[in-house]
Novice: 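A single structure is presented below for examination.
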Amino acid sequence: MHLLLDTHVLLWAAGMPDRLPRQALDLMLNPENQLYFSAASIWEVTIKSGLGRSDFQVQPEILRRGLVENNYSELAITSAHALAVGHLPAVHKEPFDRILVAQAGGGRSSAFNC
């Protein structure tokens, strides 16, 4: 299974794995699953850590390097993803969450958002 991970899930996996729900941890540790991170998550961490948010106290370069070194695949944002955001219901108002949902669409990947 292809799993596109939410930004907070990535942060918890990198620095506070005890915060991950058991279901998320089981999916992430299953060697049959391919883990993905979005360029949007790195962008979100860059912006929010720069604003001094206490829940984003990580250097985005270090986070990205750790993800790549641990065999996570990076999912780029395409114009098709940007257009898909316009067709999403207003469940998520946060722009970063909306692009992640759009990227996870189409049956090619599953999003895990805690």
Side-chain angles (χ1 to χ4, degrees):
M1 180 182 326
H2 298 275
L3 300 171
L4 174 59
L5 303 181
D6 172 83
T7 305
H8 276 95
V9 172
L10 293 171
L11 291 171
W12 295 338
M16 297 175 280
D18 55 309
R19 294 204 53 193
L20 289 169
R22 184 79 229 164
Q23 180 186 10
L25 192 56
D26 289 346
L27 287 168
M28 293 170 67
L29 293 175
N30 184 336
E32 294 182 18
N33 293 336
Q34 177 60 50
L35 305 179
Y36 290 84
F37 69 96
S38 172
S41 291
I42 302 303
W43 182 25
E44 181 177 13
V45 170
T46 300
I47 290 172
K48 292 181 178 179
S49 66
L51 293 172
R53 289 262 309 255
S54 62
D55 53 341
F56 286 86
Q57 296 302 309
V58 63
Q59 293 180 3
E61 298 87 356
I62 292 173
L63 176 61
R64 184 187 182 281
R65 184 176 349 150
L67 293 170
V68 171
E69 288 174 356
N70 284 285
N71 297 315
Y72 287 66
S73 297
E74 183 171 354
L75 184 58
I77 299 170
T78 67
S79 58
H81 296 136
L83 291 170
V85 168
H87 300 286
L88 295 175
V91 174
H92 292 286
K93 302 234 185 265
E94 167 72 46
F96 298 108
D97 289 340
R98 291 180 65 77
I99 196 71
L100 289 173
V101 171
Q103 286 181 291
R108 290 183 307 277
S109 61
S110 298
F112 201 95
N113 186 347
C114 296

Novice: Using the rule that Ile, Leu, Val, Met, Phe, Trp and Tyr join whenever any side-chain heavy atoms are under 4.5 Å apart, tell me whether M1 and L10 fall into a single cluster.
Specialist: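 Yes; L10 is reachable from M1 via cluster members.
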Novice: In this structure, would V85 and I77 fall into the same cluster of hydrophobic residues linked by side-chain contacts under 4.5 Å?
Specialist: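 Looking at the clustering, I77 is in the same group as V85.
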Novice: How long is the gap from OG on S49 to CD on E44, to the nearest 0.5 Å?
Specialist: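 Taking OG in S49 and CD in E44, the distance rounds to 10.5 Å.
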Novice: Quick check on the hydrophobic clustering: are V9 and V58 connected, directly or via other members, by side-chain heavy-atom contacts under 4.5 Å?
Specialist: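 Yes; tracing contacts between hydrophobic side chains, which count when under 4.5 Å, links both residues.
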Novice: Tell me whether M16 is reachable from I62 by hopping between hydrophobic residues (I, L, V, M, F, W, Y) whose side-chain heavy atoms are closer than 4.5 Å.
Specialist: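 Unlinked, I62 and M16 end up in two clusters.
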Novice: Supply the atom-to-atom distance S73 OG to L3 CG, rounded to the nearest 0.5 angstrom.
Specialist: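 Result: 11.0 Å between the selected atoms.
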Novice: Working to the nearest 0.5 angstrom, can you tell me the gap between T46 OG1 and Q59 CD?
Specialist: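 One finds 10.5 Å between OG1 of T46 and CD of Q59.
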Novice: Measure the CZ-CG distance between F56 and L63 for me, rounded to the nearest 0.5 Å.
Specialist: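 The CZ atom of F56 sits 10.5 Å away from the CG atom of L63.
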Novice: Dump the intermediate steps for side chain to side chain contact (heavy atoms under 4.5 Å, CB included) on R19 and H8, then the final yes or no.
Specialist: CA-CA 10 Å; R19 294 204 53 193; H8 276 95; over 6 Å; no
Novice: Go through it in stages, so that I can follow the logic: the residues are E74 and I42, the test is side chain to side chain contact (heavy atoms under 4.5 Å, CB included), and I'd like the CA-CA distance, side-chain angles, deciding distance and then a yes or no.
Specialist: CA-CA 10 Å; E74 183 171 354; I42 302 303; 5.6 Å; no
Novice: With a 4.5 Å heavy-atom cut-off, do W43 and I47 have their side chains touching?
Specialist: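 Contact flag for W43/I47 side chains = yes.
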Novice: Would you say V45 ends up clustered with L5 if hydrophobic residues are merged whenever their side chains have heavy atoms under 4.5 Å apart, either directly or through other cluster members?
Specialist: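 Shared cluster, yes.
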Novice: With a 4.5 Å limit on heavy-atom distance, are the side chains of Y72 and R64 in contact?
Specialist: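 Not in contact.
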Novice: Is there a donor-acceptor pair closer than 3.5 Å between any side-chain N or O of H81 and the backbone N or O of T78?
Specialist: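 Checked: pair present.
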Novice: Side chain to side chain contact (heavy atoms under 4.5 Å, CB included) between Y36 and Q103: does it pass, once the steps are laid out?
Specialist: CA-CA 11 Å; Y36 290 84; Q103 286 181 291; over 6 Å; no
Novice: Looking at side-chain heavy atoms only, is the closest gap between L100 and T7 below 4.5 Å?
Specialist: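 The answer is yes; the side chains approach within 4.5 Å.
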Novice: With a 4.5 Å limit on heavy-atom distance, are the side chains of L35 and N71 in contact?
Specialist: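 L35 does not reach N71 side chain to side chain.
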Novice: Got a sec: does the CD of Q57 have more than 12 other heavy atoms crowding it under 6.0 Å?
Specialist: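 Counting other residues, nucleotides and ligands, CD of Q57 exceeds 12 neighbours.
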